[in-house]
2 protein chains.
Amino acid sequence: MAKPSTLPTRERLVMTAMDLFSRKGYESTSVADVLQQAKVNSGSLYHYFPGKRELLLAVLDAYQGGIEPMLLTPAWKGVTDPIERVFALLERYRAGLAMTECSYACPIGSLALEIHEPDPPVRKALARNFEAWVRAVEGCLDAAGDRLPRGTDRRGLAEFVLTTMEGAVMQARTHRDIACFDRSVAQLRRYFDLLEGRPPRASRPPRPTRKGARP
Amino acid sequence: MAKPSTLPTRERLVMTAMDLFSRKGYESTSVADVLQQAKVNSGSLYHYFPGKRELLLAVLDAYQGGIEPMLLTPAWKGVTDPIERVFALLERYRAGLAMTECSYACPIGSLALEIHEPDPPVRKALARNFEAWVRAVEGCLDAAGDRLPRGTDRRGLAEFVLTTMEGAVMQARTHRDIACFDRSVAQLRRYFDLLEGRPPRASRPPRPTRKGARP
DNA sequence: GTCTATAAAAGGATAGAC
DNA sequence: GTCTATCCTTTTATAGAC
């Protein structure tokens with residue numbers, strides 16, 4: 001996530017906007033904020049982009065392009081089991097929460113709920129991001145072969161993994177409690193175990209963790 | 001959701017803000033928007049609230065107070081089976097999507113991701129909303145008694161229902177396709193069925209529905 | 001409690017020299 | 001492609017009469 005000032009202007013703008021949109025939200029980030037942090041002048045930004053909205057589109061494209069190299073590749077390093085890969089992916093989001101005292105949110109999910117204008121190009125760019133993510137998970141499920149019951153709706157199950165990630169991040173962020181994230185992921189795990197016909201794991205309910213729990 | 005102009009000023013402001021914040025988002029709604037739609041003058045709003053943020057707090061309190069009478073009571077009318085009640089609740093959100101061509105979003109979830117300032121009072125008001133919702137579902141799970149396996153983490157499972165709702169609404173909204181919502185809910189249903197030890201339902205994957213499918 | 005008018009700042013975007 | 005200066009609109013909030 002380093003964004004050395006040595007990057008070409010346009011990319012510096014996009015990187016900076018990614019950072020600010022994800023930390024402050026789209027509406028709450030002013031063009032001036034982006035300009036200042038990217039150390040770029042107004043004229044340059046408007047040379048590359050007609051306006052803030054098109055900068056957003058570039059940001060969404062950048063996220064999509066980053067899924068493989070920035071998310072999947074590191075998440076799956078050393079993980080070969082296809083179902084473990086699903087949970088390794090979720091683990092990356094957990095790390096995002098852990099590193100930020102649970103103020104992290106999935107940037108795509110946040111934008112998906114923040115953007116209220118119809119604006120089909122923006123909406124479609126968001127949808128493409130979700131779709132790429134879901135397809136990656138679907139690939140894992142396909143690779144899991146007959147470990148999942150015959151006739152399993154793999155696409156639906158892959159979407160459900162995204163659903164779980166988004167909902168779990170949302171609650172963990174809202175409660176500022178990573179145990180929320182863990183509990184939802186544990187439920188998803190149980191679901192997978194049941195689908196695979198595995199016996200229950202640790203049967204004890206993850207105890208009602210309170211924020212700074214004792215060490 | 002009728003908000004007759006006959007309501008007292010303060011409540012008219014809160015109702016109007018609920019509507020606008022949910023349809024346009026918090027940042028994208030200006031105080032002037034609220035004033036205009038509520039037919040209230042600037043001086044009156046600032047008589048009741050120090051500022052927009054406190055109006056938001058009032059809105060969040062109103063949502064919380066509305067959970068029982070506006071959400072649970074209608075959702076559970078004529079539904080007695082505790083687990084069916086869980087899905088009847090989800091059905092209400094589906095209706096929200098269906099009525100709005102999938103532009104609906106859970107107002108609490110949207111605010112939870114849109115608000116990026118730390119602002120603990122706002123965060124806590126959001127958390128209370130989630131908590132009340134989760135507790136209602138947890139009540140259903142408790143009522144389901146031994147239909148769920150011994151040792152089931154009912155709190156975690158109730159949170160997982162919220163996770164599913166939020167994630168499913170987010171995707172349906174983004175793709176403008178209610179089938180997304182249905183697929184995630186179908187996965188949750190399958191999870192419950194497995195927990196209850198029921199045989200699989202309709203084993204056919206809900207086919208990859210495309211928006212306006214043929215009639 | 002409500003009204004009108006207005007302040008004061010921040011917002012997105014543009015102009016035109018270099 | 002980049003720079004500075006600036007325009008115009010919207011925004012939140014206040015003042016003070018009624």
Side-chain angles (χ1 to χ4, degrees), chain A residues 3-60 62 110-111 114-119 121-122 125, chain B residues 3-60 62 110-111 114-119 121-122 125:
Chain A
K3 45 180 156 15
S5 332
T6 69
L7 255 61
T9 306
R10 203 197 115 102
E11 322 209 341
R12 221 159 68 239
L13 285 166
V14 174
M15 295 288 274
T16 304
M18 288 174 86
D19 176 52
L20 287 170
F21 291 170
S22 77
R23 284 194 299 106
K24 310 188 28 165
Y26 175 69
E27 295 287 349
S28 299
T29 298
S30 70
V31 172
D33 289 337
V34 177
L35 262 21
Q36 183 175 21
Q37 182 170 321
K39 284 180 200 135
V40 166
N41 297 302
S42 172
S44 296
L45 188 151
Y46 287 99
H47 171 73
Y48 291 105
F49 305 98
K52 189 184 176 186
R53 172 185 171 278
E54 287 73 21
L55 179 57
L56 171 61
L57 287 171
V59 161
L60 291 174
S110 295
L111 289 167
E114 183 182 354
I115 306 296
H116 290 263
E117 302 88 66
D119 202 334
V122 169
Chain B
K3 44 180 155 17
S5 332
T6 68
L7 254 62
T9 305
R10 204 198 114 102
E11 323 209 341
R12 221 159 69 239
L13 286 166
V14 173
M15 295 288 274
T16 304
M18 287 174 86
D19 176 51
L20 288 170
F21 291 171
S22 77
R23 286 195 298 106
K24 311 187 27 164
Y26 175 70
E27 295 287 350
S28 299
T29 298
S30 70
V31 173
D33 290 337
V34 177
L35 261 22
Q36 182 175 22
Q37 182 169 323
K39 285 179 198 137
V40 166
N41 296 303
S42 171
S44 295
L45 188 152
Y46 287 99
H47 171 73
Y48 291 106
F49 304 99
K52 190 185 175 185
R53 173 186 171 277
E54 287 74 21
L55 179 57
L56 172 62
L57 287 171
V59 161
L60 292 174
S110 294
L111 289 168
E114 182 181 354
I115 306 296
H116 290 264
E117 303 88 66
D119 202 333
V122 169

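All values reported here derive from a predicted model rather than from experimental measurement. Below, chains carry the letters A, B, ... as their sequence lines are ordered, and counting in each starts from 1.
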To the nearest angstrom, how far is [X] atom [atom1] from [N] atom [atom2]?
{"X": "B:L45", "N": "C:dA5", "atom1": "CG", "atom2": "C1'", "answer": "17 Å"}
{"X": "A:R53", "N": "C:dA13", "atom1": "CZ", "atom2": "C1'", "answer": "16 Å"}
{"X": "A:Y26", "N": "C:dG11", "atom1": "OH", "atom2": "C1'", "answer": "12 Å"}
{"X": "A:N41", "N": "C:dA15", "atom1": "CG", "atom2": "P", "answer": "17 Å"}
{"X": "A:F49", "N": "C:dG12", "atom1": "CZ", "atom2": "C1'", "answer": "16 Å"}
{"X": "B:H47", "N": "D:dA13", "atom1": "NE2", "atom2": "C1'", "answer": "16 Å"}
{"X": "A:L20", "N": "C:dG11", "atom1": "CG", "atom2": "C1'", "answer": "16 Å"}
{"X": "B:E27", "N": "C:dG11", "atom1": "CD", "atom2": "P", "answer": "10 Å"}

Where the side chain of [X] is concerned, which of [options] is the nearest nucleotide?
{"X": "B:S44", "options": "D:dT2, D:dT12, C:dC3", "answer": "C:dC3"}
{"X": "A:V31", "options": "C:dC3, C:dG12, D:dC3", "answer": "C:dG12"}
{"X": "A:Y46", "options": "C:dC3, D:dT12, C:dG12", "answer": "C:dG12"}

*Which value, rounded to the nearest 0.5 Å, describes the distance between B:E114 atom CD and A:E114 atom CD?*
5.0 Å

*Are B:S44 and B:N41 linked by a side-chain donor-acceptor pair shorter than 3.5 Å?*
no

*asked:* Is a donor from one side chain sitting under 3.5 angstrom from an acceptor on the other, for A:D19 and A:T16?
replied: no

*Along DNA chain C (nearest heavy atom to each residue), the more 5'-positioned of B:G43 and A:G51*: B:G43

_So A:S28, base contact, sugar-phosphate only, or nothing? Heavy-atom distance under 4.0 Å._
nothing

*asked:* For B:G25, is there any backbone N or O sitting under 3.5 Å from a side-chain donor or acceptor partner on B:S28?
replied: no

*Which residue, A:S42 or A:Y48, contacts DNA chain D at a nucleotide closer to its 5' end, judged by nearest heavy atom?*
A:Y48

*Compare all side-chain heavy atoms of B:P121 with those of B:D119 and state whether any distance is below 4.5 angstrom.*
yes

